[in-house]
Amino acid sequence: MASPEFVDSDDGIESVEFYLNGKLIGWDDSYPYHQVFMPETQDTISGNWDLTVVGIDKSGNRLSLTEQGTVQEYSSQIEVNIALPVEGE
C-alpha cells in the first residue's frame, strides 16, 4: 500500500495519482491518500520498479515523487510510504 502525505496550504489537494513503472494504477481524492496494488502475476512486480505518486492541488499544480526499489522475491502485496521532506531539511 502506498500512502503519501501531500499538503497544500493555499488551495488544498484535489487528488493523488499512483503510477507503477509509468502505468496509472489508481488515484484517490480523499485524505488519507492511498492505493493498494495487487499484482496480477509474479512478473508484474518482480525485479526493478518505480512507484510515482502525483499530488494535484485544486489549482491544477502537480508535484510528483518517485520511489525506486527491487523485489527479489514475489509478495502478493507491497507497502511503500512516501513523505514530503520537511522544509529546511
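- When the side chain to side chain donor-acceptor pair (under 3.5 Å) test is applied to Asp29, no partner is found at least two apart in sequence or on another chain.
- Atom CG of Leu51 and atom OH of Tyr19 lie 11.5 Å apart (nearest 0.5 Å).
- Between Tyr33 and Ile13, some side-chain heavy-atom pair lies under the 4.5 Å cut-off.
- Considering CD1 of Ile56 and OG of Ser64, their distance stands at 10.5 Å, rounded to 0.5 Å.
- The backbone N or O of Val16 sits nowhere less than 3.5 Å from a side-chain atom of Asp28 that would complete a donor-acceptor pair.
- Going from atom OG of Ser15 over to atom NZ of Lys58 covers 10.5 Å, rounded to the nearest 0.5 Å.
- With values rounded to the nearest 0.5 angstrom, Thr52 atom OG1 is found 11.0 Å from Leu24 atom CG.
- Put simply, the side chain of Glu17 does not reach to within 4.5 Å of the side chain of Gln35, judged on heavy atoms.
- Residues Phe18 and Trp27 approach most closely at CD1-CA, 4.1 Å, considering heavy atoms.
- Of all the heavy atoms in Asn21 and Trp49, the pair that sits closest is OD1-CA, 3.2 Å.
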